[in-house]
Colleague: 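Please see the structure below; I have some questions.
Please read these numbers as outputs of a predicted model, since none were measured by experiment. Worth knowing before you read on, the calculation uses all heavy atoms, side chains too, and leaves out hydrogens, waters and symmetry mates.
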Amino acid sequence: MLKEYKTIREVVGPLMLVDGVSGVKYDELVEIRQEGESIRRGKVLEIDGDRALVQLFEGSSGLKISDAKARFLGKGIELNCSEDMLGRVFDGMGRPKDGGTEIIADKRYNINGQPINPVSRNYPDEFIETGISAIDGLNTLVRGQKLPVFSASGLPHSRLAAQIARQASVSGDDSKFAVVFAAVGITFEEADFFISDFKRTGALDRTVIFINLANDPAIERISTPRMALTAAEYLAFEKGMHVLVIITDITNYAEALREVSAARKEIPGRRGYPGYLYTDLASLYERAGRLKGKNGSITQIPILTMPEDDKTHPIPDLTGYITEGQIILSRELYKKGVNPPIDVLPSLSRLKDKGIGNGKTRKDHADTMNQLFAAYARGKEAKELSTILGEAALSETDLKFARFADEFEKRYVSQGFESRRTVLETIDLGWELLRMLPRNELKRIRETYLDEFYAKY
């Protein structure tokens, strides 16, 4: 028997205090009924003796506490999971947003997920092809990895997210690959862009989309990534699919967390964010991975905009501690017309060495990757030197490296948002560019590979 209370004592903003409760649990769902009004929903944030603090999903505007009743449902927020989710669009609470019918549940899952025992994890070591040279060739994405994209206001991270969702694939059976896309706190125009792009390219058929708009309640922003990850866990570990989860924008999620924390009058941490921001972000990121005995996998690409382009801001800073690297977008490259504007030198995929090589990509991949990094870094140094001292001060070799750096940005990094390159095309392009340099300068590639590939291109 569900318990119903008419003891609502206070409502402040999105928070509601209910007295005299018993047997109520943290995170439990609550329905608030008021005569003549639609049912509002909320969840229990805190319990103190016989008092429960409830966070309202729809806000408290027009709520009369003298008439309202709070009904505790005895369960947390759950998502109906089925393979029919593929090709569908939902809101941040898992309700259909595309005009389609409700999902008939194969299984229902609590959106907070179950902790994964570290011992049961498999090590990520299988390549995922995104079709983007700056990622596939230099900062390779590996199945089961968490690889965030650090962007900044005004940079085209939305177009990059759509491109990855559209192009990503795994070797072998493509039908076993799915994308779960969660958009958190975005504008209506951005939501329309994502849905239209997925429909235009046919990517929607293998994608589950969760959309939370900027004018939706803050509490919904907190649940949206968890909805997406729950859907991913079902597809990966129940249906054996390889799932890529893209979440944009984590900064909006953290802002919602700060808003709820301030409403609860919690002691703030750095920059006003709650002290538990690290553990909260970890509860999202650590749901990626591969499990022993399960065929499927979950790979995460969280996208976040760095406030004031600051890498030391708490959101990118803490994200960097939890995840295995980062892809960084550059405002300087974007101004030059390089798209996607991926700054390859500070970008890093800590697991890239595990997903490349013979039998995975190609035997010369690691050597060409290391040489491209080194040559581009030296070329940038040469360009900076020529800015200070003039081109005449550079040696002939330095001039070749400077020209290499320009061509590398123009041809390798800048491929546009509609172009898809296979990893073999990316490696071949790397060799083409390296031929601009004298063979004796390619010191990071072993001689056998130079003999085989250098003259070929």
Side-chain angles (χ1 to χ4, degrees), residues 79 81 83 85-86 106-107 109-131 135-136 138-149 164-165 167-182 206-208 225-247 279 281-302 319-327 348-363 365-366 369 423:
L79 178 67
C81 291
E83 279 194 83
M85 293 187 297
L86 291 166
D106 177 28
K107 287 194 176 182
Y109 288 95
N110 187 299
I111 66 165
N112 292 307
Q114 294 295 319
I116 298 176
N117 187 333
V119 177
S120 68
R121 285 183 179 271
N122 259 340
Y123 199 85
D125 65 353
E126 295 162 296
F127 173 65
I128 288 184
E129 188 171 279
T130 65
I135 297 176
D136 292 347
L138 301 175
N139 292 291
T140 313
L141 180 64
V142 178
R143 223 180 282 175
Q145 185 178 6
K146 311 174 284 289
L147 187 63
V149 174
I164 293 171
Q167 295 182 173
S169 66
V170 296
S171 58
D173 186 1
D174 278 353
S175 65
K176 283 290 183 183
F177 186 74
V179 176
V180 177
F181 190 89
R206 63 166 190 180
T207 306
V208 187
R226 290 179 166 80
M227 288 280 173
L229 289 162
T230 302
E233 285 169 349
Y234 168 78
L235 293 172
F237 303 135
E238 291 294 328
K239 296 300 176 182
M241 302 180 83
H242 299 295
V243 185
L244 176 64
V245 181
I246 301 173
I247 306 171
T279 50
L281 289 173
S283 73
L284 297 181
Y285 299 147
E286 292 297 346
R287 290 173 75 172
R290 299 168 64 227
L291 297 181
K292 291 174 183 172
K294 302 281 187 180
N295 292 327
S297 62
I298 298 175
T299 308
Q300 261 192 59
I301 299 184
T319 294
Y321 281 117
I322 304 164
T323 54
E324 294 108 16
Q326 66 278 329
I327 302 295
L348 170 69
S349 171
R350 292 190 181 97
L351 299 178
K352 64 187 174 190
D353 294 333
K354 309 298 178 188
I356 63 176
N358 207 11
K360 294 178 181 177
T361 54
R362 206 166 79 183
K363 61 183 179 181
H365 189 165
M369 173 183 71
V423 68

Colleague: What closest approach, in Å, do R350 and T323 show between heavy atoms, and which atom pair accounts for it?
Modeller: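 It is NH1-O, 2.9 Å.
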Colleague: Has D136 got a side-chain atom pairing as donor or acceptor with T130's backbone, closer than 3.5 angstrom?
Modeller: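 Yes: the side chain of D136 pairs with the backbone of T130.
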Colleague: Is the backbone N or O of P124 less than 3.5 Å from a side-chain atom of Q145, with the two atoms forming a donor-acceptor pair by type?
Modeller: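 No, the answer is negative, given that no donor and acceptor are paired below the 3.5 Å cut-off.
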Colleague: Going by heavy atoms in the side chains, are E233 and L79 under 4.5 Å from each other?
Modeller: no
Colleague: What's the separation between atom NE2 in H242 and atom OG in S169, rounded to the nearest 0.5 Å?
Modeller: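 Going from the NE2 atom of H242 to the OG atom of S169 covers 11.5 Å.
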Colleague: K360 and K354: which non-hydrogen atoms are nearest, and at how many Å?
Modeller: NZ-O, 2.7 Å
Colleague: From I322 CD1 over to T279 OG1, what is the distance, rounded to the nearest 0.5 angstrom?
Modeller: 8.5 Å
Colleague: Between atom CG of L244 and atom CD of Q300, what is the distance when rounded to the nearest 0.5 Å?
Modeller: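 Between L244 CG and Q300 CD, I get 9.5 Å after rounding to 0.5 Å.
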Colleague: Return the CG to CE distance between N139 and M369, rounded to the nearest 0.5 Å.
Modeller: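 Taking CG in N139 and CE in M369, the distance rounds to 8.5 Å.
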Colleague: Answer whether the closest heavy-atom distance between the side chains of L147 and E324 falls below 4.5 Å.
Modeller: no
Colleague: Could you give the distance from CG (L138) to CG (L348), rounded to the nearest 0.5 Å?
Modeller: 11.5 Å
Colleague: Please report the closest heavy-atom contact between T319 and L281, naming both atoms and the distance.
Modeller: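 Shortest heavy-atom contact: OG1-CD1, 4.1 Å.
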Colleague: Should R226 and L284 count as side-chain neighbours, where that means a heavy-atom distance under 4.5 Å?
Modeller: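 Counting from C-beta outward, R226 and L284 do come under 4.5 Å.
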Colleague: Can you check whether V119's main-chain N or O pairs, donor with acceptor, with K292's side chain at less than 3.5 Å?
Modeller: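 Yes, the answer is positive, given that a donor and an acceptor are paired below the 3.5 Å cut-off.
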Colleague: For E238, what residues pass the side-chain hydrogen bond (donor to acceptor under 3.5 Å, both in side chains) criterion, not counting sequence neighbours?
Modeller: K107, Y109
Colleague: Determine, step by step, whether V142 and K352 satisfy the side-chain contact (heavy atoms from CB on, under 4.5 Å) criterion, reporting the C-alpha distance in whole Å, the side-chain angles of both residues, the deciding distance to 0.1 Å, and the verdict.
Modeller: CA-CA 7 Å; V142 178; K352 64 187 174 190; 5.7 Å; no
Colleague: Side chains of R206 and M241: does their closest heavy-atom pair fall under 4.5 Å?
Modeller: no
Colleague: How close do V245 and A232 get, counting heavy atoms only, and between which atoms?
Modeller: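 Scanning both residues, the minimum pair turns out to be CG2-CB, 3.5 Å.
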Colleague: Quick one: are L141 and I301 in side-chain contact, heavy atoms under 4.5 Å?
Modeller: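 Touching, per the 4.5 Å side-chain cut-off.
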Colleague: Flag the pair T140 / V423 as yes when at least one side-chain heavy-atom distance between them is below 4.5 Å, and no otherwise.
Modeller: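 No, side chains not in contact.
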Colleague: To the nearest 0.5 angstrom, please state how far the OG1 atom of T299 sits from the CZ atom of R290.
Modeller: 9.0 Å
Colleague: Where is the tightest heavy-atom contact between A178 and L86, given as atom of each residue plus distance?
Modeller: CB-CD2, 3.9 Å
Colleague: Please tell me if the side chains of N122 and K294 come closer than 4.5 Å, counting only heavy atoms from C-beta onward.
Modeller: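 Counting from C-beta outward, N122 and K294 never come under 4.5 Å.
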Colleague: If I compare all heavy atoms of I111 with all of R287, which pair ends up nearest, and what's the gap?
Modeller: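 Scanning both residues, the minimum pair turns out to be O-NH1, 2.8 Å.
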